[in-house]
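This structure is a prediction, so every number in the text was calculated from the model and none was measured.
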Amino acid sequence: MAKLSHRSVITVHDAGDVDGRLFIAMELVSGTTLGAMVRARAADDATDWARWLTLVIEAGKGLAAAHRAGVLHRDFKPDNVLVDDNGRVCVGDFGLATLGGDQAELSTRWNIRESALDLTMTGALLGTPGYMSPQQLRGATVDARADQFSFCVAAWE
């Protein structure tokens, strides 16, 4: 994240280790998420396609900036797009991101134990399945196109 500096990407101010605990200090974005806005919109608000397209395009600019810096988000969705009180749009929650350059190997294959009572999962799927590219769902090697797939699902939504 330190490699990223773009209006449409949340700013990371510092990261480190205190008493064996890792931390990331990010900017505070006062507002909501694009996902919350979509869920709360009225029926006639949904027809204002130009407004929604503008929000999505701004998020796409942030995602593109991440890709230029070699960062794959791996969990792009409307709930990870922040919209501040002034209308600024920025991509956040890079918790599953990887410095992948052109490609990143994901260890995201399903390996769920047989017992219905044992809820432990090994190698659990990383990300939000409804927004994932087929390659990411299969745990295959992915690149920026997987994020672009997620972006298109979010834009359609």
Qualifying ring pair (Phe, Tyr, Trp, His ring centres under 6.0 Å) pairs with a residue from residues 74-93, counting only residues at least two apart or across chains: F76-F151
Sequence neighbours excluded - ring pair (Phe, Tyr, Trp, His ring centres under 6.0 Å) pairs with any residue from residues 6-37: none
Separation of M26 CE from T11 OG1 (nearest 0.5 Å): 10.5 Å
M132 CE to F149 CZ distance, which is reported to the nearest 0.5 Å: 11.0 Å
For [X] and [Y], work out which heavy atoms get closest and say how close.
X    : Y    : value
C90  : V29  : SG-CG2, 4.1 Å
A36  : T32  : CB-OG1, 3.3 Å
A59  : V91  : O-CG2, 3.4 Å
G130 : V153 : O-CG1, 3.7 Å

ILVMFWY clustering at 4.5 Å (side-chain atoms), partners of L28: none
Residue I24 excluded, over 12 heavy atoms near CD1 under 6.0 Å: no
Residue pairs fulfilling side chain to side chain donor-acceptor pair (under 3.5 Å) with at least one residue in residues 146-157, sequence neighbours excluded: H67-D147, Y131-E157
Within-4.5 Å side-chain heavy-atom neighbours: V83 and M37: yes
Close side-chain approach of V89 and L82, heavy atoms under 4.5 Å: no
Just grab all the salt bridge (charged side-chain N to carboxylate O under 4.0 Å, His left out) pairs involving [range], residues at least two apart or on different chains.
range          : value
residues 52-62 : E58-K61
residues 12-35 : E27-R88
residues 77-87 : R39-D79, D75-K77

With A97 via side chain to side chain contact (heavy atoms under 4.5 Å, CB included) - residues at least two apart: V71, F94
Set of residues satisfying side chain to side chain contact (heavy atoms under 4.5 Å, CB included) with respect to A42, sequence neighbours excluded: D44, D45
All salt bridge (charged side-chain N to carboxylate O under 4.0 Å, His left out) counterparts of D93, not counting sequence neighbours: none
Joint hydrophobic cluster, I57 plus I10, side-chain heavy atoms closer than 4.5 Å: no
Residues T98, R74; criterion side chain to side chain contact (heavy atoms under 4.5 Å, CB included); working and verdict: CA-CA 8 Å; T98 185; R74 302 196 310 173; 3.8 Å; yes
